[in-house]
Amino acid sequence: QVQLVESGGGLVQAGGSLRLSCAASGDTFSAYNVGWFRQTPGKERSFVSAMNGIRGRSYYADSVKGRFTISRDNTKNTLYLQMDTLKPEDTAVYYCAAGQGVITTSPSSFSSWGQGTRVTVSS
């Protein structure tokens with residue numbers, strides 16, 4: 001398995017941008033599908049974006065499509081989430097995840113998780 005550590009969260013005004021990073025260590029990072037999820041108090045963790053480990057195909061939740069961009073640098077074992085045109089409803093703790101097999105929007109398809117990084121978007 002891989003170990004994941006997120007960074008880059010913080011406070012930003014609505015309309016602003018942030019870039020989250022997720023550093024991986026342990027196993028061969030390029031062999032894993034990777035994803036981002038977010039969670040707010042009292043709610044389940046929800047899918048934000050994912051990227052296939054082989055073809056690099058990306059997937060997005062409708063709520064972030066056109067505003068967020070997932071990318072990975074396998075030479076640096078790092079996953080990114082560029083978040084633009086942020087909205088107050090994007091406020092959450094963001095988690096990066098890695099897994100193998102069929103990629104889905106369910107947290108259950110990812111076996112490794114980071115500790116989370118908080119993003120707060122003020123109106």
Side-chain angles (χ1 to χ4, degrees):
Q1 286 198 349
V2 294
Q3 291 75 49
L4 304 171
V5 178
E6 302 98 335
S7 61
L11 173 65
V12 64
Q13 287 189 333
S17 299
L18 278 176
R19 188 176 81 156
L20 305 183
S21 299
C22 176
S25 61
D27 207 347
T28 305
F29 179 65
S30 60
Y32 285 77
N33 302 322
V34 290
W36 291 95
F37 288 75
R38 63 189 182 187
Q39 189 170 23
T40 54
K43 294 189 176 181
E44 295 185 353
R45 200 164 292 189
S46 64
F47 172 77
V48 173
S49 182
M51 178 172 278
N52 183 277
I54 299 175
R55 294 186 175 87
R57 181 176 177 178
S58 56
Y59 306 84
Y60 296 94
D62 288 343
S63 59
V64 307
K65 201 171 293 184
R67 300 187 298 121
F68 290 10
T69 304
I70 190 172
S71 62
R72 65 192 298 171
D73 185 339
N74 291 333
T75 66
K76 296 181 179 179
N77 290 343
T78 304
L79 171 68
Y80 302 99
L81 184 68
Q82 177 66 41
M83 305 186 295
D84 297 318
T85 320
L86 282 160
K87 303 176 181 180
E89 51 263 44
D90 295 318
T91 295
V93 176
Y94 283 71
Y95 298 88
C96 64
Q100 294 179 306
V102 177
I103 194 170
T104 74
T105 60
S106 169
S108 63
S109 64
F110 296 87
S111 55
S112 298
W113 292 86
Q115 83 288 351
T117 186
R118 184 174 301 277
V119 172
T120 303
V121 184
S122 63
S123 57

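No experiment lies behind these values; they were computed from the predicted model shown. Position 1 is the first residue of the sequence, and the numbers go up from there. Only heavy atoms go into these numbers, but all of them, side chains included; no hydrogens, no water, no symmetry mates.
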Run the ring-ring contact (aromatic ring centres under 6.0 Å, His included) test against F47 and tell me which residues pass, sequence neighbours left out.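 If we apply the ring-ring contact (aromatic ring centres under 6.0 Å, His included) test to F47, skipping adjacent residues, the hits are F37.
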
Hey, does [Y] have a side-chain heavy atom less than 4.5 Å from the side chain of [X]?
{"X": "Q3", "Y": "V5", "answer": "no"}
{"X": "D73", "Y": "Y80", "answer": "yes"}
{"X": "T105", "Y": "Y59", "answer": "no"}
{"X": "V12", "Y": "T120", "answer": "no"}

Any donor-acceptor pair under 3.5 Å linking the side chain of S46 with the backbone of R38? yes

Is a donor on one side and an acceptor on the other found under 3.5 Å between the side chain of S49 and the backbone of W36?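 Not at all, since once roles are kept as given, no pair shorter than 3.5 Å links the two residues.
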
Where is the tightest heavy-atom contact between [X] and [Y], given as atom of each residue plus distance?
{"X": "L4", "Y": "S112", "value": "CD1-O, 3.5 Å"}
{"X": "L11", "Y": "S122", "value": "CD1-CB, 4.3 Å"}
{"X": "E6", "Y": "G116", "value": "OE1-N, 2.8 Å"}

Please identify which of these residues, N74, I70, T75, meets the side chain to side chain contact (heavy atoms under 4.5 Å, CB included) condition with R72.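 With R72 as partner, N74, I70, T75 yield a single side chain to side chain contact (heavy atoms under 4.5 Å, CB included), made by N74.
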
List the atom pairs, donor and acceptor, that lie under 3.5 Å between side-chain atoms in residues 27-35 and the rest of the protein, sequence neighbours left out.
unit_1	atom_1	unit_2	atom_2	d
D27	OD2	Y32	OH	2.8
N33	OD1	G53	N	2.8
N33	ND2	G101	O	2.9

Please list, chain by chain and in numerical order, all residues satisfying side-chain hydrogen bond (donor to acceptor under 3.5 Å, both in side chains) with [X], sequence neighbours excluded.
{"X": "R67", "answer": "D90"}
{"X": "Q39", "answer": "R45"}
{"X": "S109", "answer": "T104"}

Side chains of D84 and S17: any donor to acceptor distance under 3.5 Å? yes

For residues 69-123, pull every pair meeting disulfide bond (SG atoms under 2.5 Å apart), keeping only residues two or more places apart or in separate chains. C22-C96

